[in-house]
Amino acid sequence: MAIVARFQVEYTRFLDPQGEATQPLPPFALDPAALVPLYRAMTQARLFDSKAIALQRTGKIGTFASALGQEAIGIGVASAMRAEDVLVPSYRDHAAQLLRGVSMAESLLYWGGDERGSDFAVPRMDFPIAVPIATQVCHAAGCAYAFKLRGEPRVAVCMLGDGGTSKGDFYEALNLAAVWQAPLVVVVNNNQWAISVPRSQQSAAPTLAQKAIAAGIEGCQVDGNDVVAVHHLAQQVLAKARAGGGPSLIEAISYRLGDHTTADDATRYRDPAEVEAQWTFEPIRRLRNYLLRLQAWGPEQEEQLIGECSAAVNAAVEAYLATPPPGAADMFDHLYATLPAALQEQRAMALHFALRLAPHEGGGGGSHG
Amino acid sequence: MAIVARFQVEYTRFLDPQGEATQPLPPFALDPAALVPLYRAMTQARLFDSKAIALQRTGKIGTFASALGQEAIGIGVASAMRAEDVLVPSYRDHAAQLLRGVSMAESLLYWGGDERGSDFAVPRMDFPIAVPIATQVCHAAGCAYAFKLRGEPRVAVCMLGDGGTSKGDFYEALNLAAVWQAPLVVVVNNNQWAISVPRSQQSAAPTLAQKAIAAGIEGCQVDGNDVVAVHHLAQQVLAKARAGGGPSLIEAISYRLGDHTTADDATRYRDPAEVEAQWTFEPIRRLRNYLLRLQAWGPEQEEQLIGECSAAVNAAVEAYLATPPPGAADMFDHLYATLPAALQEQRAMALHFALRLAPHEGGGGGSHG
Amino acid sequence: MAELNLVEAVNRALAWEMEHDPAVVLLGEDIGVNGGVFRATVGLQQRFGAGRVIDTALAETAIAGTAVGMAAMGLKPVAEIQFSGFIYPTLDHVINHASRLRHRTRGRLTCPLVLRSPCGAGIHAPEHHSESPEALFAHVPGLRVVMPSSPSRAYGLLLAALRDPDPVIFLEPTRLYRLFKQEVADDGAALPLDVCFTLRAGSDVTLVSWGAMLQETQAAAEALAAEGISAEVIDVATLKPLDMATILDSVARTGRCVIVHEAARSGGLGAEIAATLAERGIYSLSAPLQRVTGYDVVIPLARLEYQYLPSVERIVAAVRTTLEAT
Amino acid sequence: MAELNLVEAVNRALAWEMEHDPAVVLLGEDIGVNGGVFRATVGLQQRFGAGRVIDTALAETAIAGTAVGMAAMGLKPVAEIQFSGFIYPTLDHVINHASRLRHRTRGRLTCPLVLRSPCGAGIHAPEHHSESPEALFAHVPGLRVVMPSSPSRAYGLLLAALRDPDPVIFLEPTRLYRLFKQEVADDGAALPLDVCFTLRAGSDVTLVSWGAMLQETQAAAEALAAEGISAEVIDVATLKPLDMATILDSVARTGRCVIVHEAARSGGLGAEIAATLAERGIYSLSAPLQRVTGYDVVIPLARLEYQYLPSVERIVAAVRTTLEAT
Ligand SMILES: Cc1ncc(C[n+]2csc(CCOP(=O)(O)OP(=O)(O)O)c2C)c(N)n1
Ligand SMILES: Cc1ncc(C[n+]2csc(CCOP(=O)(O)OP(=O)(O)O)c2C)c(N)n1
Ligand SMILES: [Mg+2]
Ligand SMILES: [Mg+2]
């Protein structure tokens with residue numbers, strides 16, 4: 001018997017739950033000018049999140065997937081990306097999307113049941129949300145291949161959940177991207193739950209990072225509630241990918257503080273005490289505490305920030321609610337580059353039988369999913 | 001940074017290519033009475049294999065996938081199984097199938113294009129060959145779950161190729177079986193090629209055994225041309241699975257000495273010198289050399305064995321060629337437990353328009369696949 | 001007799017069969033502790049244990065594939081796919097294995113699995129949660145495909161599916177899950193598979209539909225009745241194999257036919273019914289048949305889903321067209 | 001002009017487009033060094049490099065899924081699935097993503113991929129190598145589905161598929177790959193998509209078919225001609241969207257129609273054609289239409305495949321039946 005291969009998985013954290021440094025910090029983390037934008041973005045995402053839940057409760061949008069408590073992952077990763085990189089997100093990644101330039105009004109349109117919400121004005125090449133779990137990892141690997149083939153210094157960044165790491169698409173895509181040495185970064189938001197299935201039942205693997213070993217690439221764990229650690233690691237693996245070093249996998253360990261979606265009631269399967277305890281670790285207070293320690297933040301700034309972010313959310317909601325509904329022909333008009341002759345009669349029929357809709361009518365009230 | 005998990009992959013070999021022991025042998029390997037049946041089975045499989053190729057060349061069967069050089073894997077594994085275990089094979093596993101009791105005539109019927117070849121008289125619960133790569137790993141995991149649920153001390157043994165380890169089914173099934181701690185043994189015949197795709201392009205992982213790490217189970221490498229090592233490891237993981245210890249993965253390293261199938265011409269993509277060199281490692285001569293050393297074998301026994309095995313092959317070929325063709329209604333008669341009324345007219349039509357076939361007509365001459 | 005909605009009826013049928021057949025096991029995402037995202041399996045894990053009600057990892061291919069293995073080894077797996085938009089990864093195992101294991105082995109191994117999935121639009125669900133994939137399955141030899149249209153038919157047809165020795169795809173319209181209740185005797189009585197149910201007798205036109213669309217179809221029949229037009233309404237129920245005899249017989253009497261379904265028009269199951277009418281019932285038809293279906297477009301997000309779904313108005317208009325034709 | 005068989009025509013079309021459009025990349029199993037198990041891509045990796053002719057790992061889901069990503073980023077991926085029996089794992093990406101990326105993003109991202117796969121029976125291939133899955137794809141909104149029936153149509157239609165801005169499923173009948181040669185001008189000229197080709201004009205009956213079955217269909221037309229029966233033969237070619245105008249026009253002239261396909265009958269594409277005839281062409285039909293198709297059974301292993309496949313005899317018999325009906 002001979003040992004022919006050895007592997008290990010590393011875990012990184014810079015700030016402990018109280019916001020105290022546990023080890024020497026990377027340079028950017030000593031610079032408030034670098035950190036405050038992260039803090040701001042996390043705050044904005046959380047305020048958007050709670051407004052979206054409220055809109056769902058009042059029937060103004062459909063089912064919504066909150067990212068409560070997981071903001072550091074999206075913000076830490078998206079802030080490490082360049083504009084020309086491509087984000088390939090899941091449905092729980094509005095934090096990353098907003099930082100990339102997706103507008104909150106666009107996001108509400110999407111969750112309000114309107115395809116126009118995926119026609120992002122800013123990150124024109126970012127993928128729309130992937131609802132079919134883990135399929136996006138394949139898309140991201142394909143994007144990365146295109147970048148590599150054309151010699152473009154761009155990286156495809158893909159996000160998925162802990163549950164998603166059980167799906168064939170995830171493994172197949174990682175394996176191919178590794179053979180290709182394509183510039184792909186895959187970030188697992190391990191929020192401990194896949195709807196009602198706890199992490200322990202999702203896989204017998206003690207870490208999800210080790211799934212990278214199957215593809216022969218590097219996988220690492222990071223405290224997903226420590227935005228400093230997430231951002232730092234994301235920077236590293238993005239730089240590596242950009243330099244031709246191939247794909248990486250990051251398992252960001254966090255916790256889903258909310259229900260799975262507004263259609264879910266997590267008390268059916270999860271002890272509220274567990275959730276309560278997890279609030280200790282949440283990312284926004286952690287960074288605030290650290291900024292307070294740096295004396296780079298105070299109640300005044302906090303108040304101003306909340307005010308600005310709330311105003312932005314409210315403006316987005318207004319814009320969303322005022323958006324005229326799409327017409328019935330909309331179903332046909334973006335299906336093909338040119339509508340095939342065979343479909344023209346159907347389009348006319350749809351217009352003939354069209355129902356008239358009020359601005360946000362039709363999108364709300366979703367109770368499932 | 002902290003290291004949170006460590007893994008390693010071990011490699012096992014007992015007999016070197018010359019048939020000399022490289023380390024202390026397990027008890028069975030000191031006992032000719034245990035080894036000669038393995039030698040016999042490998043020899044029988046190889047003779048069957050070359051006859052099947054000849055039958056394809058003369059249009060008597062269709063495309064055939066030879067196991068030349070990989071006999072130690074099927075024989076080492078199948079000989080470690082109990083009758084009540086279940087084999088879930090790929091298309092390259094007739095060595096294992098024959099040892100399990102599938103008759104050579106049945107195998108020829110299958111490759112001759114006749115579904116009756118999968119109606120095994122002996123291993124009644126073994127799966128038929130899986131052609132869609134890696135799908136069988138899911139089936140085997142399901143079998144293992146059934147055994148575990150009913151408390152039966154049975155193991156599902158699944159075989160696939162190196163190429164198959166790139167497919168989602170493989171990972172999904174391993175992951176589920178590991179969560180279930182189901183009695184599953186997965187054996188990868190790493191014969192270095194997936195048709196024309198070499199192992200190095202199949203995955204960036206330096207070993208295939210390490211794919212087990214993604215599922216949180218044990219994976220090990222074995223010299224797949226050393227039947228002693230294969231049998232020994234198979235015994236160990238089967239015993240572990242039977243005792244409730246959960247699934248294991250074995251990567252058996254071998255080499256595809258023949259073309260991918262009779263429809264393939266490997267000289268298009270592979271250097272004949274590479275193949276030539278690999279003949280040094282083939283399993284049958286290796287065991288013969290060891291048996292010669294043990295003075296448990298000689299030219300006389302060899303001659304007798306070849307005679308017996310050839311006779312068995314010839315008898316099987318005769319039985320195959322004499323099998324009357326299936327009738328046209330055969331398409332309908334095993335589709336459902338009871339043919340739905342809606343299909344009865346179609347069945348009558350098939351009989352009405354039936355072509356008449358000679359015994360082996362229709363099955364042969366396949367030139368693709 | 002209890003008043004049950006459709007999802008409760010599914011739950012009762014599963015419970016009944018699990019109680020009476022120890023081979024029945026359920027598997028799927030969130031079906032255990034959580035009782036399923038639609039509550040179809042609520043209470044069953046508590047009652048029958050985690051061994052028989054398996055909360056799986058997120059892996060539809062393996063849910064279908066392991067179910068094949070379980071079925072071959074003598075279990076009766078009932079696999080739930082959470083929404084029909086996620087059913088496509090099961091097709092490989094359904095088509096290449098489940099539908100043909102009996103055939104391949106001459107009945108030595110069989111595959112009596114049931115693949116349950118919610119389907120259809122109309123509940124303002126998120127993207128990919130409103131698909132109607134029945135035609136994909138109905139084209140596959142060796143399968144049965146069933147869709148109930150009421151709590152009592154859900155109960156009886158699901159029991160029949162659970163007792164069928166071959167694979168059954170059982171699609172449950174989400175729009176009906178809680179739409180209405182019905183008296184359902186929880187007595188373990190199955191309804192027959194492979195036959196249509198005539199829900200309303202009529203003489204002027206035959207309306208053929210299945211699943212949730214029978215709501216609009218029956219409402220259309222009501223509306224037509226008010227105008228003195230007598231519509232026969234047929235619930236196809238088993239979509240494969242098709243009971244064309246009942247449909248042909250009805251059309252022979254009414255001379256007109258309108259087929260209503262939610263799935264996209266081209267290659268929908270309505271095409272098969274229409275084709276068979278054209279082959280065998282053409283002399284009965286006094287007017288061209290009509291299909292009222294979803295358009296050949298991606299099922300839209302919530303805001304436009306009711307622009308997509310066939311409406312009572314569209315069905316009535318189609319009936320008028322067939323009645324006006326001569 | 002070169003004499004090419006169908007697989008050579010495919011090769012030439014790919015080469016032409018790779019030469020003229022640097023965005024075209026090929027991916028699939030064994031398509032590089034080996035040139036494809038059917039030799040469709042022979043020589044292309046040598047000529048265009050391993051970056052543009054990618055030998056992938058064995059992973060159909062990811063072949064389709066990475067092609068979606070490539071297409072969205074401006075490449076023109078041509079993914080090969082080695083045999084159509086292995087195409088099912090691609091359906092999730094084809095249905096949930098490729099067919100709807102343009103729609104979902106209002107054209108911001110598009111998905112101009114081509115998914116090529118051999119299809120059909122008749123070459124004594126192993127199990128799972130003889131499937132005819134066209135109807136599964138033809139039901140999916142947002143796709144184009146194309147099947148050539150000759151070398152020249154393979155060349156021209158594949159070029160059209162390669163230039164189409166939307167996803168195209170391109171199914172190549174293996175039985176035709178080497179069956180016959182044709183003069184094909186390798187001039188980069190595409191044939192139109194979305195239209196049928198009338199291969200033979202006739203006045204007594206319209207025969208509608210596609211792919212390899214046009215062999216039997218044309219032979220049947222010949223045999224009928226010898227008896228004085230004049231059959232029009234239509235090659236559907238683009239199976240989605242369907243050019244029903246050409247078919248309806250022909251049936252309006254002949255009054256009779258026989259549809260021939262290899263896939264299983266129920267829910268095959270023949271049903272859609274028949275259904276539309278029943279809706280719009282019924283007054284032209286002087287006799288019930290007929291479908292001559294594969295049976296609703298698992299496509300058998302080699303020994304029985306010709307018992308399954310529609311034969312000239314079956315087609316001729318169906319034509320006789322429609323002619324005898326009144
Ligand atoms: C392929 C697929 N199967 C099932 C679902 C239904 N579903 C939506 S979210 C979810 C759980 C996902 O868990 P995880 O991957 O951990 O992501 P999280 O929601 O926790 O962010 C499931 C089962 C889906 N969207 N896609
Ligand atoms: C899902 C699937 N894709 C493609 C094929 C075609 N095919 C048959 S064998 C083969 C290569 C398999 O290689 P490997 O897994 O290493 O097994 P080996 O043939 O070497 O035993 C391929 C691509 C198939 N049978 N199934
Ligand atoms: Mg999760
Ligand atoms: Mg191999």
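Proteins get letters first, then strands, A, B, ... in listed order; numbering begins at 1 in each.
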Legend entry - Atom CD of C:Glu227 with >12 non-hydrogen neighbours under 6.0 angstrom: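 Yes - once you tally the heavy atoms of other residues, nucleotides and ligands closer than 6.0 Å, there are more than 12.
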Taking C-beta and beyond as the side chain, do [X] and [Y] meet within less than 4.5 Å on heavy atoms?
X        : Y        : value
A:Arg268 : C:Arg39  : yes
C:Leu301 : A:Asp114 : no
C:Tyr295 : A:Arg347 : no
C:Leu304 : A:Pro326 : yes

Grab the two heavy atoms, one from [X] and one from [Y], that are nearest each other, plus how far apart they are.
X        : Y        : value
A:Leu355 : C:Tyr306 : CD1-O, 3.3 Å
A:Gly163 : C:Leu58  : O-CB, 3.4 Å
C:Arg303 : A:Pro325 : NH1-CA, 4.2 Å
A:Ser166 : C:Ala59  : O-CB, 3.7 Å
C:Gln307 : A:Ala354 : OE1-CA, 3.4 Å
C:Ala317 : A:Phe353 : CB-CZ, 3.8 Å

Inset, instruction - Output the distance between atom OH (C:Tyr88) and atom OG1 (A:Thr135), rounded to the nearest 0.5 Å. - result: 12.5 Å
Legend entry - Stepwise side-chain contact (heavy atoms from CB on, under 4.5 Å) check, A:Gln201 with C:Asp55: CA-CA 8 Å; A:Gln201 273 182 53; C:Asp55 266 325; 3.7 Å; yes
Inset, instruction - Against chain A, work out which of C:Gln82, C:Glu29, C:Arg314 has the most heavy-atom pairs shorter than 4.5 Å and name it. - result: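 Ranked by heavy-atom pairs under 4.5 Å with chain A, first place is C:Arg314.
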Inset, instruction - Between chain A and each of C:Thr174, C:Thr61, C:Val33, C:Asp296, count heavy-atom pairs under 4.5 Å; write down the option with the most. - result: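 Most pairs with chain A among the choices: C:Asp296.
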Legend entry - Side-chain donor-acceptor contact under 3.5 Å, C:Glu127 with A:Tyr91: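 Their side chains do not contain a donor-acceptor pair, so the 3.5 Å distance test is not met.
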Legend entry - Between A:Ile133, A:Asp265, A:Ile129, the one whose heavy-atom pairs under 4.5 Å with chain C are most numerous: A:Ile133
Legend entry - Which atoms of C:Tyr308 approach chain A - backbone, side chain, both or neither, heavy atom under 4.5 Å: both
Inset, instruction - Please look at A:Arg199 and chain C and tell me whether the side chain, the backbone, both or neither of the residue comes under 4.5 angstrom of a heavy atom of that chain. - result: neither
Inset, instruction - Against chain C, label A:Leu351 side chain, backbone, both or neither, depending on which of its atoms sit under 4.5 Å from a heavy atom there. - result: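 Neither part.
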Legend entry - Donor-acceptor contact present, side-chain C:Asp30 to main-chain A:Ser196, <3.5 Å: yes
